[in-house]
Amino acid sequence: MAEHNSQSERTGYDPKAIEIKWQKRWEDARVFESEAETTTPGKATKPKYYVLEMLPYPSGTLHMGHMRNYTIGDVVARVKRMRGFNVMHPMGWDAFGLPAENAAIKNNTHPRTWTNANIKEFQKVLRRFGFSYDWRREISTCEPEYYRWNQWFFLRMLERGLAYRKKSRVNWCPKCCTVLANEQVVNGGYCWRHEDTLVEAKEISQWFLKTTAYSEQLLDDLKSLEGGWPERVITMQRNWIGKSRGARVKFAVAEVAGADAIEIFTTRIDTIYGATALILAANHPLVPRLVEGAANKNEIDAKLAQMRQASTKTEDLATAEKEGFLTGKYAINPFSGEKLPIWVGNFVLMEYGTGAIMAVPAHDQRDFEFCRKYELPARVVVQPADGQKLVEEEMTAAFEEHDKGILVNSGPYGGLSIDDAIAKMTAVAEKNNFGKGETIYRLKDWGISRQRYWGTPIPVVHCEKDGIVPVPEKDLPVLLPANPKLTGMGESPLASTPEFVNVTCPKCGGAAKRETDTMDTFVDSSWYFYRYCDPKNAQAPFDRAKAAYWFPIDQYIGGITHAILHLLYSRFWCKVMRDLGLITHSEPIQRLFTQGMVQKGGVAMSKSKGNVVGALEMAEKYGADTGRLYTLFAAPPEKDLEWSEESIEGSWRFLNRVYRLVERNAPAVREIRSGRIDVARLADSTEKEKALLRKAHETLRRVARDFDTRWHFNSAIAQIMELTNEIYAREPLTTGARPEVVKEVLELVTLMLAPMTPHVAEELWEMLGHTKGLWTVSWPEFNEALTREDDVEIVVQVNGRVRGKLKATMDIAEEGLVKMAEADAAIAPHLAGKAIVKRVYVPNKLLNLVVT
RNA sequence: GCGGGAGUGGCGGAAUUGGCAGACGCAGCAGCCUUAGGAGCUGCCGGGCGCAAGCCCUUGGGGGUUCAAAUCCCUCCUUCCGCACCA
């Protein structure tokens, strides 16, 4: 560390001093504040650009993994500003959450104290890196000014039946002592926060938001995101929503007086003549009735108990052997009238479909395995259309192919294609009232109740007389009690605060109890980006006109970890807000970018893994600019980046090199006041001038392309390094080159670096004689004329192999070039004694001669 | 099992989207400068053969299309990620 400081003193590049200096100036000049939302017709206005990085949870320390995310966003914001956009680039805090509560319990303090201290720290670090945020728009989700709107939205959803309460089996994390959403159960049964803790099932009354009301829209609108969102994320969401088209079919139960029919769900009603059993989930409500009075009741009960408490881990589920037993009862196939044995099977899930299936061993692999094990018969009812004939006894796997098959052994439906059969048989089932076509989704409603303190109170009151009564809007926000008793155990801490709980019913005025659950913090982050448009609004979550101006978000940037949770909830919330009339669009995020993780030792940087490189230490050691540059240079942004202490040196050296270059040459050029170089003035230019300008503008062309279309910051930086190397090779610069040209070239280097290493760029810009800051400067115009060359180098291949290179005048004709090739000492031997049978000429680039 | 990526020197990675593979950087080697260098500057740096000019091989393996393939097609392998008994 010390050596860098002493080094910087010697060379003059002192990143810390430069960075602090320019951060102060930016702040004083308020250069990152977006302009007002002007959409006055006829008035020339800048186009808007809303770029956003996912808001952080303020905990622990910011490390270079975080910084990568923010650096990418900052480069985009700065490029767009230079390109004349009205840019909104805000930052805020996802400030509610369990860690704050746990830390408060541990340190005997208040979650707010802990959270606000972290926010202060985060602000400091983000400022130290010079990110161009509009801090006027900062929000913190734990403030009543923010969370009152969570409550407001909740009431709106309650009115519309989109929020409801029901007793349900929930995912309970014994460590968090709270309920988890389905999406928060990871690795097939573990808490997303405690990956070593198995989630338990518990029956509690919970609040839900009806995400399933939007299943179809959430799925359908994914189409509009194609191209703007990573395919991977779209696919993950599509699978998560999990649409299946099929049919419900009722099978009457034989010989059980008064028993309801068993409803099964199938996507292959066409195979119903091949059903040889029904299989129910162990916790299917009809199971007790069916096994009542069975001869082997004890044995059955033991098996049932075993199945019900079997591991909920999905790996186990997927690999567990199929188990089941016969109930001794029968069901009637409504199509064929056939009597089918009813089984209970461990692979049938109560949570999906109806909790009961028909087993078609010949055409479903799971049924096939189950029936082989228990020696149930299989019956082929679909034969492949290609003529091969399936025979039950010879099958080694089920024939499942949907697209090519013809029905056989299926009564009146024999000979139909699968699709035709599905349509006809569904219609028949509907007509005869024993079934209907149905589409089901894997997506579940969103359980938002949390038995925790540090979250948004759910704004309802429980009255013995009136039941659930919403808190009137005028009484919002329902404030969190200031001094809760936090234990981290059992029911919500709010329940043990009598002055919070005991209220009067807004409806009847009688005694009532306030709801003590708080909302899942994913509620906070589902709409926060709308609040940035209008962060201080006390009348509404945001002003409609402002949201209409800024939305949708042009570019959202964050980790792939939020591919489902946050992004799905956000999309849901957007649709609800649209239906409330607050906005008119259906998708909040136009483009999504998921950056790769920063790893060290092959593992993602994280405090718990103990492999973090702190952002502040980085800034102290090399400066924020070097930190930014390295994270951009080491890998393309979508890829994971392995942190290397050694490689950073390269980025550090490069900035020093540029700094020294400008430092040396600035005195000779700083008085020049001319603008950009134009072609006319180059009529008498020297070779050196031409070469410098050509390289500089060629670099500009490529860097602009990398910024605009590909986000390949790593290759953009490589291009600038190459240009710098070229300039170094041409020193002393002003010998044989006019100062104007030298200045032009050095300025281009500076401007191209500006979005990535803004502090040192400002400093260089000042050294080059400018009195106005870089923020007043537009992205430089690429001058194609300057890149044009009189001579070109053309690669000559013989039979596809490079045999030589020819210098020729631009746009040389093919004939002339072939003559040159034939005369060339390196190429001629490869042509000797052979006939040219074909010539391929890519103008000014390549000539391939095919000889025999 | 299903879905989506990825495979290029010792390492991170580049290749204008079918046109000179290995840009740029790290590490390494050599030289210069220096009282000194963990600074700076210059050069070398995929493999094989060769004194050299040069020739051959090389983008996970194999096959194909093409004048031309890291890039397109087929096939296999490895690896990462997501979902996973979803009826």
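No hydrogens, no waters, no symmetry mates; every other heavy atom, side chains included, goes into these values. Naming: A, B, ... by sequence-line order, numbering from 1 per chain.
- Side-chain contact between A/N346 and A/K322 is present, with heavy atoms from C-beta onward closer than 4.5 Å.
- Listed nucleotides: B/rA87, B/rC86, B/rG40. Nearest to the side chain of A/R442: B/rC86.
- The distance from atom CD of A/Q797 to atom C1' of B/rG19 is 7 Å, rounded to the nearest whole Å.
- Counting any heavy atom pair closer than 4.0 Å across all strands shown, A/D367 reaches no nucleic acid atom.
- A salt bridge is absent between A/E231 and A/R238: the closest approach of a Lys/Arg side-chain nitrogen to an acidic carboxylate oxygen does not fall below 4.0 angstrom.
- At a threshold of 4.0 angstrom between heavy atoms, the contacts of A/E351 with the nucleic acid are absent.
- Within the nucleic acid shown, A/E793 comes within 4.0 Å of at least one base atom, counting heavy atoms only.
- Comparing B/rC57 with B/rG63, their P atoms sit 14 Å apart, to the nearest whole Å.
- Nucleotide B/rG82: paired with B/rC2 (Watson-Crick or G-U wobble, both distances less than 3.5 Å).
- Nearest nucleotide to the side chain of A/N714, out of B/rG3, B/rA87, B/rG13: B/rG13.
- If you check B/rG9 for Watson-Crick or wobble pairing at under 3.5 angstrom, you find it has no partner at all.
- Using the six-membered ring where Trp is involved, A/F265 and A/Y352 have ring planes that are perpendicular, over 60° apart on the 30 and 60° scheme.
- Comparing B/rG25, B/rA87, B/rA15 against the side chain of A/F633 picks out B/rG25 as the nearest.
- For the residue pair A/R657 and A/N725, a side-chain donor N or O sits within less than 3.5 Å of a side-chain acceptor on the partner.
- The base-pairing partner of B/rG28, taking Watson-Crick or G-U wobble contacts with both distances under 3.5 Å, is B/rC44.
- Between the C1' atom of B/rA84 and the CG atom of A/L349 lies a distance of 11 Å, rounded to the nearest Å.
- B/rC20 and B/rA36: their C1' atoms are spaced 45 Å apart (whole Å).
- Atoms CD (A/E638) and P (B/rG12) sit 16 Å apart, rounded to a whole Å.
- Rounded to whole Å, the P atom of B/rA15 lies 14 Å from the corresponding atom of B/rC72.
- Pairing for B/rC33 is absent, with no Watson-Crick or G-U wobble pair whose two atom distances lie under 3.5 Å.
- With distances taken from any side-chain atom of A/N725 to the nucleotides B/rC55, B/rG25, B/rC86, the minimum falls on B/rG25.
- A side-chain hydrogen bond (donor to acceptor under 3.5 Å, both in side chains) with A/R268 is found for exactly one of A/T271, A/D270, A/T266, namely A/D270.
- Among the atoms of the strands shown, none is found under 4.0 Å from any heavy atom of A/E642.
- Within 4.0 Å (heavy atoms only), A/Y728 reaches sugar-phosphate atoms of the nucleic acid but no base atom.
- Taking atom P on both nucleotides, B/rC44 is separated from B/rA53 by 14 Å, rounded to a whole Å.
- The gap from the P atom of B/rG31 to that of B/rG12 amounts to 30 Å, rounded to the nearest Å.
- Here the separation of B/rA27 from B/rC11, taken at their P atoms, is 15 Å to the nearest Å.
- Across the protein-nucleic acid pair, A/N239 atom CG and B/rA84 atom C1' stand 10 Å apart, rounded to whole Å.
- Within the nucleic acid shown, A/P230 has no heavy atom closer than 4.0 Å to any nucleic acid atom.
- A/R657 comes within 4.0 angstrom of sugar-phosphate atoms only, judged by non-hydrogen atoms across all strands, and of no base.
- Proximity note for A/K805 (side chain, C-beta onward) versus B/rA39, B/rC20, B/rG19: the nearest is B/rC20.
- The residue from A/L278, A/V249, A/T276, A/I272 that alone fulfils the side-chain contact (heavy atoms from CB on, under 4.5 Å) condition with A/N333 is A/I272.
- Straight-line distance from the NZ atom of A/K845 to the C1' atom of B/rA68: 13 Å, rounded to whole Å.
- Comparing B/rG64 with B/rG9, their P atoms are spaced 24 Å from each other, to the whole Å.
- A/R710 and A/S715 get closest at one heavy-atom pair: NH2-OG, 3.6 Å.
- A/V348 comes within 4.0 angstrom of a base, heavy atoms only.
- At the heavy-atom level, A/V850 lies under 4.0 Å from the strands shown only through sugar-phosphate atoms.
- Note on ring orientation: taking the six-membered ring where Trp is involved, the planes of A/F335 and A/F434 are perpendicular (angle over 60°, cut-offs 30° and 60°).
- At a cut-off of 3.5 angstrom, the base of B/rC85 holds at least one donor-acceptor pair with the side chain of A/K322.
- A/R803 comes within 4.0 angstrom of sugar-phosphate atoms only, judged by non-hydrogen atoms across all strands, and of no base.
- Ring-plane geometry between A/F370 and A/Y374 is classed as tilted, the angle between the planes lying from 30 to 60 degrees on a 0 to 90 degree scale.
- One interatomic measurement links the two molecules: CG of A/L641 to C1' of B/rG13, which rounds to 11 Å at whole-angstrom precision.
- Rounded to an integer number of Å, the gap from A/R653 CZ to B/rG37 P is 17 Å.
- Base pairing of B/rG18: no nucleotide in any strand meets the Watson-Crick or G-U wobble criterion (both distances under 3.5 Å).
- In this structure, A/H363 reaches neither bases nor backbone, as no heavy-atom distance under 4.0 Å exists between it and the strands shown.
- As a whole-Å value, the separation of A/N848 CG from B/rU66 C1' is 11 Å.
- Here B/rC41 is the nucleotide among B/rC41, B/rC55, B/rG13 with the atom lying nearest to any side-chain atom of A/R660.
- Which of B/rG19, B/rC83, B/rC85 sits closest to the side chain of A/V840 comes down to B/rG19.
- Side chain of A/K639, nearest nucleotide from B/rA87, B/rC85, B/rG13: B/rG13.
- Using a 4.0 Å heavy-atom criterion, one finds that A/R238 contacts no nucleic acid atom at all.
- Among the protein residues, A/R839 comes within range of no part of the nucleic acid, since none of its heavy atoms lies under 4.0 Å from any strand.
- Comparing the C1' positions of B/rC45 and B/rG7 gives a spacing of 24 Å, expressed to the nearest Å.
- Backbone-only engagement by A/R232 is indicated by non-hydrogen atom pairs under 4.0 Å involving sugar-phosphate atoms exclusively.
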